[in-house]
Amino acid sequence: MKNITAKQLEEKLERGEKVNIIDVREDDEVTQGMIPGAKHIRLGDLPNSLSNLNKNEHYYIVCHAGGRSAMACEFLVEQGFDVTNMLGGMMAWQGDIVEP
């Protein structure tokens, strides 16, 4: 599985790179903040949302701490998508944990 740190993803955004970010957290979690430009698709809704995704695009997958996004990445890779897991999730993005 491909991985990226929150800092590396933040640098891509700062450089103005086009990034597709999918936040797989639950509704109540995203009310606490999302990465700018991220699309919210709950992990449980992902199987029914595949038609909204483009297999020719690359996606960065985010959750709270990195576990659910890793599961989402495994599923999406099985479906033929090009994805990268953001290590540490929103906890790393918000600076609540030290990144690997």
Side-chain angles (χ1 to χ4, degrees):
M1 174 183 324
K2 293 186 276 187
N3 293 297
I4 192 169
T5 66
K7 180 71 174 161
Q8 290 168 325
L9 185 56
E10 182 179 25
E11 289 169 355
K12 287 181 174 291
L13 289 169
E14 288 172 353
R15 288 192 299 266
E17 292 183 31
K18 180 185 181 290
V19 293
N20 299 304
I21 303 169
I22 299 174
D23 190 324
V24 297
R25 295 177 298 156
E26 294 298 317
D27 294 340
D28 61 322
E29 293 174 290
V30 298
T31 62
Q32 300 169 19
M34 288 177 61
I35 296 173
K39 180 176 184 172
H40 178 222
I41 304 174
R42 292 181 303 209
L43 179 61
D45 293 338
L46 205 51
N48 295 324
S49 300
L50 296 178
S51 62
N52 298 325
L53 304 177
N54 182 343
K55 287 188 178 179
N56 296 318
E57 296 281 336
H58 181 267
Y59 295 93
Y60 296 93
I61 312 300
V62 178
C63 69
H64 179 70
R68 285 174 286 177
S69 57
M71 291 175 19
C73 284
E74 289 176 13
F75 171 75
L76 289 167
V77 166
E78 290 172 0
Q79 306 307 310
F81 289 92
D82 183 20
V83 297
T84 299
N85 182 42
M86 190 178 88
L87 297 170
M90 290 301 290
M91 290 179 69
W93 182 266
Q94 296 166 337
D96 293 338
I97 61 171
V98 177
E99 291 188 287

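A quick note: this is a predicted structure, and the numbers were derived from the prediction, not measured. Basis for what follows: all heavy atoms, side chains included, without hydrogens, waters or symmetry-related copies.
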Q: Check the hydrophobic clustering (I, L, V, M, F, W, Y; side-chain heavy atoms under 4.5 Å; chains of links allowed) and say if I21 and V24 are grouped together.
A: no
Q.
So, taking the atom named CD in E78 and the one named SG in C73, what distance separates them when rounded to the nearest 0.5 Å?
A. 11.5 Å
Q.
Please report the interatomic distance CD(Q32) to CD(Q94), rounded to the nearest 0.5 Å.
A. 7.5 Å
Q | Side-chain donor or acceptor of Y59 paired with backbone N/O of N54 under 3.5 Å | A | yes
Q | Non-hydrogen side-chain atoms of E26 and R68 separated by less than 4.5 Å | A | yes
**Q.** Set of residues satisfying ring-ring contact (aromatic ring centres under 6.0 Å, His included) with respect to F75, sequence neighbours excluded
**A.** none
Q. Looking only at heavy atoms, which two atoms of A65 and M91 are closest? And how far apart?
A. CB-SD, 3.9 Å
Q. Just by modelled atom types, is the Q79 backbone N or O under 3.5 Å from a matching donor or acceptor in the K55 side chain?
A. yes
Q: Locate the shortest heavy-atom distance separating I4 from L9; write the atom from each residue and the value.
A: CD1-N, 3.8 Å
Q: For the pair S49 (side chain) and N52 (backbone), establish whether a donor and an acceptor sit closer than 3.5 Å, ignoring hydrogens and angles.
A: no
Q: For residues D82 and K2, determine if any side-chain heavy atom of one lies less than 4.5 Å from a side-chain heavy atom of the other.
A: yes
**Q.** Shared hydrophobic cluster for L76 and Y60 (ILVMFWY, side-chain gaps under 4.5 Å)
**A.** no
Q) Do you reckon V62 sits in the same ILVMFWY cluster as V19, going by side-chain contacts under 4.5 Å, direct or chained? A) yes
Using a 3.5 Å cut-off and no angle test, enumerate the donor-acceptor pairs between side-chain atoms of residues 34-42 and protein atoms at least two apart in sequence or in another chain.
{"residue": "H40", "atom": "NE2", "partner": "R25", "partner atom": "O", "Å": "2.7"}
{"residue": "R42", "atom": "NE", "partner": "D45", "partner atom": "OD2", "Å": "2.8"}
{"residue": "R42", "atom": "NH1", "partner": "D27", "partner atom": "OD2", "Å": "3.0"}
{"residue": "R42", "atom": "NH2", "partner": "D45", "partner atom": "OD2", "Å": "2.7"}

Q. Roughly how far, to the nearest 0.5 Å, is the CG atom of N3 from the OG1 atom of T84?
A. 7.5 Å
(Q) How close do A92 and L87 get, counting heavy atoms only, and between which atoms? (A) CB-O, 3.7 Å
Q: Give the minimum heavy-atom separation between M71 and L43, together with the two atoms involved.
A: CE-CD2, 3.6 Å
Q: Identify the two heavy atoms, one from T5 and one from M86, that lie closest to each other, and give their separation to 0.1 Å.
A: C-CG, 4.1 Å
Q) Are any non-hydrogen side-chain atoms of M1 and V77 less than 4.5 angstrom apart? A) no
**Q.** Minimum heavy-atom distance F81-L50, with the two atoms named
**A.** CE1-CD2, 3.8 Å
